[in-house]
Protein chains: 2
Amino acid sequence: MTIRLLLADDQALVRGALSALLALEPDLEVVAEVGAGDLVLEAVREHRPDVALLDVEMPGLDGIAAAALVRAEFPDVRVLIVTTFGRPGYLRRALQAGASGFVVKDTPAAELADAVRRVHAGLRVVDPALATDSLIAGESPLTGRETEVLQAAQDGSSVAAMAAKLFLSEGTVRNHLSSAIGKTGATNRAEAVLIADGNGWL
Amino acid sequence: MTIRLLLADDQALVRGALSALLALEPDLEVVAEVGAGDLVLEAVREHRPDVALLDVEMPGLDGIAAAALVRAEFPDVRVLIVTTFGRPGYLRRALQAGASGFVVKDTPAAELADAVRRVHAGLRVVDPALATDSLIAGESPLTGRETEVLQAAQDGSSVAAMAAKLFLSEGTVRNHLSSAIGKTGATNRAEAVLIADGNGWL
DNA sequence: TCCCTGCCATGACATTTGTCAGATGCAAGG
DNA sequence: CCTTGCATCTGACAAATGTCATGGCAGGGA
């Protein structure tokens, strides 16, 4: 009885390489590969995998959002998140979205197949170092608006541009920014963006 | 006669997966894997691969710098750069460093082996879309100092912090920043950093 | 109901940032 | 030798940014 896998990663080369890696295991079978989060649910419907390996960073729907959709429609499909960045907030959100495991891409290749098997067996797989980081960093202290404003600031927009985009007054944008700067312990907007993003809060 | 390969990528999972993918080809053999740029030259000395696959983004020495070292000591070792980001400046610098090929990670997995064979045969392998981008973006218009200042600005430092780090007066830092902002077509520091980085100028 | 929190806004203020003009020194190239 | 480009600095100015106090409004507990 082989474990049926779905692979989602926007980088075709990595996707294909992971597929090759997992195909080496006799008890694993890759039944579907997709390159965008939007396609995950559809592929799950069609191929009914046992485990879905989802990258977080994907165009369109990200892996965490895709995980939530999958779990909502197919509670028996296990989700293993595989990501480049071990952002604490990613782990928290992934687990809240119903993921059973969370693996960063610099874990040894040999451990991936094991992680898949454990997840399939109903166990949780979480990098212990990351788990402690997640506890330390905690949940995002930012309010909804503060988060939105920082996201808008990511591309180097001016206050005026952000105000226009979010339909807010410039003063309000600056208030939210100031508040976010305070909460992140930063001294300016750019630093606040880096800190928040590094924690997976954006 | 198999082609001997060296793999360098800081993400162990990706490294292992690529290794599995390439091992499927009967004429290819992965003889060494390293996870940092500093280890590339040493591994080449020991294993004498025919082709080295190097990621650009690596801790310590980046893939392009490693390529230059390898080519200087072993001119008969071909270098194929494999990277996540198709930054125009990366391609230019990679070719200047003596790389024979440049592949982004969202090319189909099936093409990688072909790219390796072509590089080994003495041909150049370059993503055509990326090549035109590189021509459009052109060489970095930034002077040495401008580049340094933008790099220092990447972490959200204030002018005062950058001045201290670079042993310059605050006025000078602001002048270089202003100049860089003008050259990148940005309207502020943060945007200039994004544009310059996106072009591979930092 | 009252209180608290989040959200929105305004106005005022100090600081930081971006721009500009002007000046010097240095090195490379014609 | 002269020009050009780069790097450095100063001083001054306008614009953008960050902070603070204050107020209004809505929703969710206690």
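Below, chain A is the first sequence line, B the second, and so on; all start at residue 1. Basis for what follows: all heavy atoms, side chains included, without hydrogens, waters or symmetry-related copies. Everything quoted here is computed from the prediction, not taken from an experiment.
- Within the 4.0 angstrom heavy-atom criterion, only backbone atoms of the sugar-phosphate kind lie near B:Thr143; the bases stay farther away.
- Ranked by how close their nearest DNA chain D nucleotide is to the 5' end, B:Phe167 and A:Gly182 are led by B:Phe167.
- In terms of phosphate contacts, B:Ser158 brings no side-chain nitrogen or oxygen within less than 4.0 Å of OP1 or OP2 of C:dT16.
- The side chain of A:His176 contributes an N or O atom lying less than 4.0 Å from OP1 or OP2 of C:dC8.
- The shortest distance between the side-chain N/O atoms of B:Ser169 and the OP1/OP2 oxygens of D:dT8 is not below 4.0 Å.
- Between the side chains of A:Glu33 and A:Ser19, at least one donor N or O lies within less than 3.5 Å of an accepting N or O.
- Exactly one residue among A:Val31, A:Val77, A:Val51 makes a side chain to side chain contact (heavy atoms under 4.5 Å, CB included) with A:Arg4. That residue is A:Val31.
- Atom C1' of nucleotide C:dC8 and atom CD of A:Glu148 are separated by 13 Å, given to the nearest angstrom.
- In this entry the distance linking CG of B:Leu142 with C1' of D:dA7 reads 15 Å, nearest Å.
- One interatomic measurement links the two molecules: CD1 of A:Ile181 to P of D:dA16, which rounds to 17 Å at whole-angstrom precision.
- For D:dG18, the OP1/OP2 oxygens have no side-chain nitrogen or oxygen of A:Thr187 closer than 4.0 Å.
- Computed from coordinates, the B:Arg174 CZ to D:dA16 P distance equals 16 Å when rounded to whole Å.
- The CG atom of B:Leu168 sits 15 Å away from the C1' atom of C:dG25 (whole-angstrom rounding).
- Other residues, nucleotides and ligands place no more than 12 heavy atoms under 6.0 Å from the CD atom of A:Glu42.
- Listed pair A:Arg145 / C:dG6 fails the phosphate criterion, with no side-chain N or O lying under 4.0 Å from OP1 or OP2.
- The base of C:dC7 lies outside donor-acceptor range of the side chain of A:Asn175, with no N or O pair under 3.5 Å.
- Taking the charged nitrogens against the carboxylate oxygens, B:Asp27 and B:Arg117 do have a contact shorter than 4.0 Å, which makes a salt bridge.
- The distance between atom CD of A:Glu170 and atom P of D:dT19, rounded to the nearest whole Å, is 17 Å.
- Rounded to a whole Å, the CD atom of B:Glu191 is 11 Å from the P atom of C:dG18.
- B:Asn188 comes within 4.0 angstrom of sugar-phosphate atoms only, judged by non-hydrogen atoms across all strands, and of no base.
- B:Arg71 and B:Asp76 are not joined by a salt bridge, as no carboxylate oxygen comes within less than 4.0 angstrom of a charged side-chain nitrogen.
- At least one side-chain nitrogen or oxygen of A:Ser178 sits closer than 4.0 Å to the OP1 or OP2 atom of D:dT19.
- Between the CD atom of A:Glu146 and the P atom of C:dG6 there is a distance of 8 Å, given to the nearest Å.
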